[in-house]
2 protein chains.
Amino acid sequence: MASSDASSSEPAQLRLDDFLPYRLSFTSNLVSDTVAGTYIALFDLRIPEWRLIAVVAEEEGGITQQGIGARTRMDKVTVSRAAIALVERGLMARMPHKGDKRSHHLVLTEAGRELYAAVAPKALELERRIFARFDPEELAAFTRMLRRIDAAILDGV
Amino acid sequence: MASSDASSSEPAQLRLDDFLPYRLSFTSNLVSDTVAGTYIALFDLRIPEWRLIAVVAEEEGGITQQGIGARTRMDKVTVSRAAIALVERGLMARMPHKGDKRSHHLVLTEAGRELYAAVAPKALELERRIFARFDPEELAAFTRMLRRIDAAILDGV
DNA sequence: GCATGATGGTAGCATTTGACACCATCTCCG
DNA sequence: CGGAGATGGTGTCAAATGCTACCATCATGC
């Protein structure tokens, strides 16, 4: 029962190295550091800012800060700060939100679109470089798994 | 060439939602938040402290702070702070490192071992709860993939 | 229309995290 | 031996992140 049988399917003993929350955080940090060190720094964007740019670029009709928060699960404060910074830099603009004066539609300015056009390919290229050694099948399965884990947690564990 | 052919194997267009560094960070944060909210808080441990406890518990002969940093890739400052906190709480002790007076072997005190014995099962149980809906095969593949990504990056991308 | 509570967004504060400089000790080499 | 540089660890400061309180506007009920 309390044997150290190595063939049992579940580890009865905690080993940090095999502890999934730890592994996940470990790898995520490794990847994030790699990403943060490259194109982000190059364009003087912090991660939240980069995410805003990407999300706003994808949403043709404009999107509110709350919408961004919902999509990315970033704190609304984080979103707010990133939005302010981007507007100040002239990369993003706030269009009046008809019907609600508290809110705005965020859209990229011309400069913002240019930046996005410059950064996006670099992001993709970096992604390809990091994951070059894996085949598409594996990566697809991996991504699917990530999404399922999200779902599991959001369902309420 | 620059067509928008949807059947190509690689996405030529960036979509944040499919961008792996983003997905990874997203899921990792979700899991971390879940973890941080439970047994960690219960025992008044922060994540780095919890990791130190686990690592030291696993290394029977004691381990130095630098060793911990190497294993977990935590910053040496983070390790230092966690170590100080744990020693102050009487959970960990520093044994002289024969041959190098700058360093110490970290070992758990009796209280530390007791805490570990109390926390570890809860950690495993939480892990099981989060990942209950997946079968062992999938999880093993997933973990393997995480390790291979680590290797890819540490190899120098 | 006008209190009352909810919501989008911001400001200020506390906490966490890492970068950098520093001290003590160790190692190496003349 | 005894400098010169490397390494283990800590103190200090700046940047990042999140919480709470708050302001403006909205929606609802009287």
Side-chain angles (χ1 to χ4, degrees), chain A residues 22 25-26 28-37 40-41 44-52 55-56 59 62-88 92-107, chain B residues 22 25-26 28-37 40-41 44-52 55-56 59 62-88 92-107:
Chain A
Y22 170 72
S25 160
F26 187 98
S28 172
N29 287 340
L30 220 45
V31 172
S32 288
D33 288 351
T34 304
V35 170
I40 302 284
D44 191 27
L45 289 175
R46 271 149 283 165
I47 298 266
E49 291 169 12
W50 151 241
R51 287 182 182 173
L52 255 81
V55 171
V56 173
E59 302 277 342
I63 184 174
T64 65
Q65 293 186 192
Q66 194 205 332
I68 294 174
R71 254 195 66 174
T72 62
R73 286 192 67 80
M74 284 193 279
D75 196 87
K76 72 178 184 170
V77 177
T78 305
V79 174
S80 171
R81 277 192 279 248
I84 290 171
L86 292 174
V87 169
E88 274 174 1
M92 220 169 62
R94 295 180 147 146
M95 309 292 283
H97 184 298
K98 66 176 179 181
D100 193 337
K101 281 176 195 155
R102 294 169 303 180
S103 187
H104 335 263
H105 282 299
L106 300 177
V107 294
Chain B
Y22 170 71
S25 160
F26 188 97
S28 172
N29 286 341
L30 220 47
V31 172
S32 289
D33 289 351
T34 305
V35 169
I40 301 283
D44 191 27
L45 288 175
R46 270 151 284 163
I47 298 266
E49 291 168 12
W50 151 240
R51 288 183 182 172
L52 256 79
V55 170
V56 173
E59 302 277 342
I63 184 174
T64 65
Q65 292 186 192
Q66 193 206 333
I68 293 174
R71 253 195 67 173
T72 62
R73 285 192 66 79
M74 283 194 279
D75 196 89
K76 71 178 184 171
V77 177
T78 305
V79 173
S80 170
R81 278 193 278 249
I84 290 171
L86 293 174
V87 169
E88 274 174 1
M92 219 168 62
R94 294 181 148 145
M95 310 293 283
H97 184 299
K98 66 174 177 181
D100 192 337
K101 282 176 194 156
R102 295 169 302 178
S103 187
H104 335 262
H105 281 298
L106 299 177
V107 295

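Not measured: the values here are computed from a predicted model.
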Quiz item: Regarding B:R51 and A:S25, is there a side-chain donor-to-acceptor distance under 3.5 Å anywhere?
Solution: yes
Self-check item: A:R51 CZ - D:dA16 C1' separation (whole Å)
Solution: 13 Å
Quiz item: Just checking B:K76: base, sugar-phosphate only, or nothing, at a heavy-atom cut-off of under 4.0 Å?
Solution: base
Exercise. Report yes if at least one side-chain N or O of A:S80 is closer than 4.0 Å to OP1 or OP2 of C:dT10; otherwise report no.
Key: yes
Practice problem: Answer yes or no: does a side-chain N or O of B:S103 lie under 4.0 Å from OP1 or OP2 of C:dT25? | Solution: no
Exercise. Take B:H104 and A:R102, find for each the nucleotide of DNA chain D with the closest heavy atom, and name the residue whose nucleotide sits nearer the 5' end.
Key: B:H104
Practice problem: Scan A:H97 against the nucleic acid and name what it touches under 4.0 Å (heavy atoms): base, sugar-phosphate only, or nothing. | Solution: nothing
Quiz item: Judged by atom type as modelled, is there a donor-acceptor pair below 3.5 Å linking the side chain of B:S32 to the main-chain atoms of B:S28?
Solution: yes
Quiz item: D:dT10 phosphate, OP1 or OP2: any side-chain N/O from B:R94 under 4.0 angstrom?
Solution: yes
Exercise. Calculate the interatomic distance between A:D33 atom CG and D:dA15 atom P; express it in whole Å.
Key: 18 Å
Quiz item: Ring centres of B:H97 and B:H105 under 6.0 Å apart?
Solution: yes
Exercise. To the nearest Å, give me how far apart CG (A:D75) and P (C:dT16) are.
Key: 16 Å
Exercise. Would you kindly give the CZ-to-C1' distance between A:R46 and D:dA15, to the nearest whole Å?
Key: 9 Å
Exercise. May I ask you to say whether B:E59 pairs ionically with B:R71, meaning some side-chain N is under 4.0 Å from a carboxylate O?
Key: yes
Quiz prompt | A:D100 vs B:V77, nearer the 5' end of DNA chain D by closest nucleotide | solution = B:V77
Quiz item: In whole angstrom, what separates B:M74's CE from C:dA19's C1'?
Solution: 18 Å
Quiz item: How many Å lie between CD1 on B:I47 and P on D:dG18, as a whole number?
Solution: 14 Å
Self-check item: A:T72 side chain to A:I68 backbone, donor-acceptor under 3.5 Å
Solution: yes
Quiz item: Roughly, in whole Å, what's the span from CZ in B:R81 to P in C:dT16?
Solution: 10 Å
Quiz item: Rounded to whole angstrom units, what separation is found between the NZ atom of A:K101 and the P atom of D:dT25?
Solution: 7 Å
